[in-house]
Every structure is written in structure tokens, then in C-alpha cells.
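Here's the structure, in C-alpha cells; my notes come after.
Predicted model, so just to flag it, every value in this text is computed and none were measured. First the proteins, then the strands, lettered A, B, ... as listed; each starts at 1.
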Amino acid sequence: MRAEPVAFGVVTSSPTAPSPSGSASDPADARRFRFAPSPTGFFHVGGARTALFNWALARQSAGTLVLRIEDTDEARNRPEWIDGIIDALTWIGISSDDPHFEGPHFQSANAGAHLGAAQRLYESGAAYYCDLSPDEVQARAKELGITGYDGYSRDRGLEPAPGRVLRFRVPDGETVVDDAVRGEVRFDNSTIEDFVLLRGNGTPVFLLANVVDDAEMGITDVVRAEEHLPNTPKQQMLWEALGLSTPRWGHVPVLVNEQRKKLSKRRDQVALESYRDDGILADAMVNYLMTLGWTPPGAEEAGSEIMGWPEMEAAFRLEDVNTSPAFFDVKKLVAFNKAYIREMPADEYLARASAELPADWDRERFAQIAPHLQERLERFSDVPESVDFLFLPDGVDPAIDEASWRKATSPEWAGPLLGQLRETYADLADGAWTADDLKSTMERVMSSYEEKPGKELKLGKAQAFCRVAVTGRSVGPPLFESLEVLGREATLSRIDRALTLLDHSERQD
RNA sequence: GCCCCCAUCGUCUAGUGGCCUAGGACACCACCCUUUCAAGGUGGCGGCACGGGUUCGAAUCCCGUUGGGGGUGCCA
């Protein structure tokens, strides 16, 4: 049946369904999955989820995930894109070095087999040639009041010739697709036109190439996105016409945007690489992607969906995948990412965070403040802006956020308190410029103020103006730790600037 | 148009006829804690699209309607 025996991978089984008996370690149970992206300039997050599902299933059965590049459309694909696909897969933990991984294989390299299969189909009468051009097909359809191709050349006995397409003779009856995710899906064959197998220039189309490759590679399970479901009866008929038993199908729901439309390159952030560049952790992305359409068992009892890959890999079942489209929610992704950042070992976190810094920023200085950033960080790309006030050139003051300034300076005591704090800080011994001392000094100073008559002033309010004066903002890392890192000189000069500014604005009022 | 799929809080989901007064997570709100923010704690808001069946009993099964999505290429 196959042009060449299967000679790659750890599996020696035929493309027919494996025996249902045997233990998990029995090679007969090892199943072969495939991931077949079309080469584009980026790696789609939806594709990443599909790949992950396949990966979990392949490893569960001690089987294989085959990467196949669908590059038959020569007009649009570039060799360098392949590296991007491999990199992206590696990033989400699907490493090409893993024994369960195989590939990449190139569909274009198998053109001979595609043609051979087409020839067999033609010889057996399962396919026939047709000389109608696309325009002619359309004109006929219009004339007949139907859509698509009407089978015009079915019995004309045309020989192969340039410009003629090979079409599949769709048999009467019904095609039932047995899908692991959604059960039986029935298609009336009369609604399926005699589709093209070979183009007028003799090249095979995706439908044929896909089936031939899957068969040759011994693929036992085809798990892909729902958009392929309408193709499936056609492919199933092809498997059958070729005398092969069909693989186990599984169509997982598509990922959609807030408009409930399939994620599109134009409108949505769909490139996996872009999330990586934004400082989303691979583990967080993997975890989040897996929860789209599937809930790890035990998540409810644990009160958390945060779960490591090994656990998810072991628990994943296609039968449990939801059937409706899932919205790719960046907010939830970021929440997962935050949780993962928080859990990182300190040294690993520091290395990753430091990588985000501009080249001329002092790494040692950053290391002092970094621990205070860890549990606040949403994504690593936010690192520089969170601590930029510590890395300004000498004499340059941070830009002051208007709203923060207004709020911090509104109490009458704000100016006087900061003025007194400035003098006290100036007198602090060199060895006392530490977060603890800076804090207790503040507490001493503020004790002679009241928030309102009769109402005690709390540290949270008292520190507000100082924070804005020194960092320019009302939010950020803990204040006294920041001051310690900043140093006395810069702290005092920034406070002086703020006091001057306040003086000016008050005189204008 | 035709074919196919889908329908539980804003979002992701649990739920496979009685355990459902529908559970969890993210988001949001409030309070507590607190050195701002974050984290943590407590609480709150919020959903079975609609209409018919079947059944003693329906979020769960069936039919229909409505709504959404996918496909309908000599793209993949």
C-alpha cells in the first residue's frame, strides 16, 4: 500500500489501528501523532495549543509526535521560517531532542508518493480527469443553479493531460466521522462535490498530500483544529479508497477573540513569539493554553488551575476537551504569568529580569531592588519601567505623574512634613542610610503631624509625597528600600526639587 | 445559499437525570492586613439562550427556534 516502508521513529506498527490490548509500555500501544503547521512568519498560539495536546497524548502512550511542514504551496513559504517553528516548539517544551519527537519532515519531499497515490486512485476508477477550468465550472454551476462542481466529467473517460485536474469520485451514501472530541459526525455524500486531487499543473493538493503523508508516517491519531472538520469526510474517503483504515480523529475547538471570531493575524496578538518577547514565561503560557477547552482534574479541589506540565500531561484526555470555541484571554494569561514569576527561584528570577535591562544600567544596583519587584511583576517586559527612577543619569529627575502629584500634595501637612523629613534625612549618619532607619526616621517625623485634626497620621499616607517626589509616581516598589538603593544624594536633591515645585504652585494659587 | 460544529457567571470551565439553593479559576467590587502597589485573608456581584417535549424528577435526554462559529479554492 505504501510506496516505502516506514523507516523512522520508535514505532514499527503499521498505519492501521494498533491492537487494543497490551500495557502502556507495549510498543503496540505507542501511538503516532502529528503536528502539521503551514509555514508562516510566526507561530500561532492556537497551533501551540494543538501541538501541546498532541504532545501530551504522544508521550502518554510512549509514542511519537511527528512534525511535518506543509510546504506544498511553493508560492508562499520560506526555509528560514522552519527555524522559527522549531524554536517556538522548543520554547513550549516540545524539544526536537526529545525521543518522542520526530522531524521535521517536509511534505514537498514526498511528492512522489502523492503522485503515486493519485495514479492508483485514477487506475482503480476512484478518481477521474476533468478538463473544465475553474471559470467553466463556475459557469456551469450558475447555469444549473447549483453550487460547486456537478461531476460533469465523471463518465467522459478523459486521459491525463496538462491542464486537466484529477478529481475524486465521491461515492453515494454517507460518511460518518468518528471523532474523539465530539462523537459521530455524519455527512451526506451528496453534499460533497467531486473535489480536486491533482491540480492542472499536476501537483497534489493538501487534502491528498495530507492523507498520503499521514499514512506513510504511520500516523494513528489526527488531532487538529476544528476548522478541519469539514475536510475530514473527504480525507476519510481517501483513506478508504486507498485501502487503509482511518486514523482516530480528534477536532479541538478553535481559539477566538473577544468578538468570538477565529483569532486573526490582522486584529489579534496571535504570535507565540510576541508573548515570549513580552516576558511571558513558557510555563505560564503552556499552563494557560492547556486550560483552554480543558480543565485539569483536581484543579477545583486545589482551588487553582496553576499546574505543572507533568501533571497535565498525565491527566490530559481528548474525551474531556470541551467542544465550544474558547476566548484567548490575555488577562488570565498574565495572571498565570504573575503566579509563575512569584514561584521562580530567586537567582533564576534575577537573571531573567536582568536580561530586560538596558545595557548601561547597573546590574548590581538592580539586584538590590529586584527581590521587591518579584511578586509585583506581571511580565518581564515591565521591568525597566518599574525601576527606571533608580537609573537616571546624575542630575536628571524623574518625570512626575500629574495625578499622583495632585493627590500627594493635597494635604496641607504634605509640604511641611517632607521639608522636615528632608532635613532629618540629611543629618542621618552614613551608616544609617538603610531601609529600616529611613522608615523609623519617617515614623518619628510624622508623629508630630495629624492627618486631620484628631486623626492620627498613618505611614501609608505620610510616605505618599516622598514617593512621588523621588520616583515620580504613586505606585512602585517599597519606598524605603528604594531610597536605600537610590542613595542620600539623589534622594535629597529630588526632595528639594519637589519642595521647590510645590512652593511655586502654591504661590500661583 | 448549502454543509458542519457549538450554546452554563464578563471570560475559561465543573457538571454525563436526583448529590445543583449550579461548584472553581481569571477579572471586577468591598473589607481586613499593610510602606504605595502587589501578595495574602474574608466576603460580594454574576450564569444553565428561548420554546416545546420525555421523565416522578432535566443544566444534563429529544425536537424546534434564535444566536454564534467554521467550512464551502486547481490555499493549507
Side-chain angles (χ1 to χ4, degrees), chain A residues 36-40 70-73 75-77 107 130 132-134 137 145-148 163-167 177 179 181-182 185-188 190-193 195-207 209-210 225-233 251 253-254 256 258-262 288 291-295 297 299-306 322-329 331-336 338-339 342 372-378 386 404 408 435 438-439 442-443 458-464 466-468 471 473-482:
Chain A
S38 43
T40 51
E70 314 258 283
D71 60 348
T72 48
D73 186 2
R76 47 163 225 235
N77 84 75
Q107 187 152 68
C130 175
L132 255 37
S133 70
V137 169
I146 60 166
T147 51
R164 292 180 180 175
V165 298
L166 182 68
R167 284 181 180 274
V177 172
D179 191 281
V181 177
R182 22 195 111 229
V185 184
R186 317 183 87 89
F187 296 86
D188 184 342
S190 67
T191 64
I192 301 173
E193 66 174 21
F195 52 94
V196 170
L197 261 21
L198 253 30
R199 302 186 181 95
N201 65 7
T203 58
V205 302
F206 144 84
L207 245 17
N210 215 262
E226 187 189 356
E227 60 203 79
H228 288 289
L229 190 53
N231 290 145
T232 309
H251 290 88
V254 292
V256 297
E258 55 285 342
Q259 256 107 70
R260 303 250 114 218
K261 299 239 194 292
K262 197 165 71 160
Y288 176 64
T291 66
L292 253 25
W294 179 71
T295 305
E300 181 159 349
E301 297 74 71
S304 169
E305 293 173 345
I306 304 295
N322 228 65
T323 44
S324 43
F327 169 52
F328 186 83
D329 186 357
K331 268 191 173 175
K332 189 159 180 178
L333 203 214
V334 168
F336 274 48
K338 245 176 139 169
R342 240 180 283 134
H372 303 289
L373 214 58
Q374 185 165 2
E375 73 171 15
R376 292 156 226 269
L377 207 54
E378 295 193 334
S386 313
S404 301
L438 291 163
K439 183 184 175 195
M442 164 70 95
E443 283 167 336
K458 295 253 186 75
L459 184 54
K461 303 254 185 203
Q463 55 102 50
C466 182
R467 173 181 293 281
V468 174
T471 72
R473 291 181 293 257
S474 56
V475 300
L479 179 63
F480 305 109
E481 286 75 359
S482 298

Sugar-phosphate, base or nothing in reach of [X], heavy atoms under 4.0 Å:
X      : value
A:S324 : sugar-phosphate
A:S133 : base
A:H228 : base
A:S474 : base
A:L292 : sugar-phosphate
A:F327 : sugar-phosphate
A:R186 : sugar-phosphate

- Message: Given 3.5 Å as the limit, does a donor-acceptor pair link the side chain of A:R376 with the main chain of A:H372, or not?
- Response: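 Yes: the side chain of A:R376 pairs with the backbone of A:H372.
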- Task: Indicate yes or no for a side-chain donor-acceptor contact from A:R199 to the backbone of A:P204 under 3.5 Å, with no hydrogens or angles considered.
- Result: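 Checked: pair present.
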Rounded interatomic separation in angstrom, taking [atom1] from [X] and [atom2] from [N]:
X      : N     : atom1 : atom2 : answer
A:E70  : B:G73 : CD    : P     : 19 Å
A:Q463 : B:A38 : CD    : P     : 13 Å
A:I146 : B:C3  : CD1   : C1'   : 15 Å
A:E193 : B:C2  : CD    : C1'   : 11 Å
A:E227 : B:G73 : CD    : P     : 16 Å
A:F187 : B:C3  : CZ    : P     : 12 Å
A:W294 : B:A25 : CH2   : C1'   : 14 Å
A:R164 : B:C74 : CZ    : P     : 18 Å

Is the distance from OP1 or OP2 of [N] to the nearest side-chain N or O of [X] less than 4.0 Å?
X      : N     : result
A:R199 : B:A76 : yes
A:K262 : B:G71 : yes
A:N322 : B:A14 : yes
A:T323 : B:A7  : yes
A:R342 : B:G40 : yes

Work out how far the [atom1] atom of [N] is from that of [M], and round it to whole angstrom.
N     : M     : atom1 : result
B:C9  : B:C62 : C1'   : 27 Å
B:U36 : B:G70 : P     : 47 Å
B:A22 : B:C48 : P     : 11 Å
B:A38 : B:C6  : C1'   : 39 Å
B:C50 : B:U35 : P     : 50 Å
B:C2  : B:C63 : C1'   : 22 Å
B:U65 : B:C5  : P     : 15 Å
B:A39 : B:U13 : C1'   : 25 Å

Candidates [options] - which lies nearest the side chain of [X]:
X      : options             : result
A:T147 : B:G1, B:A27, B:U36  : B:G1
A:A326 : B:C4, B:U36, B:C12  : B:C12
A:K338 : B:U11, B:C74, B:A39 : B:A39
A:T191 : B:C6, B:U35, B:C3   : B:C3
A:E300 : B:A14, B:U35, B:C37 : B:A14
A:P230 : B:G70, B:C5, B:U35  : B:G70

Side-chain donor/acceptor contact of [X] with base of [N] under 3.5 Å:
X      : N     : result
A:D329 : B:A27 : no
A:E305 : B:G24 : yes
A:R376 : B:U36 : yes
A:E481 : B:U35 : yes
A:K332 : B:A25 : yes

- Item | Ring geometry between A:F328 and A:Y288 (parallel below 30°, tilted from 30 to 60°, perpendicular above 60°) |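 A:Y288 vs A:F328 ring planes: perpendicular.
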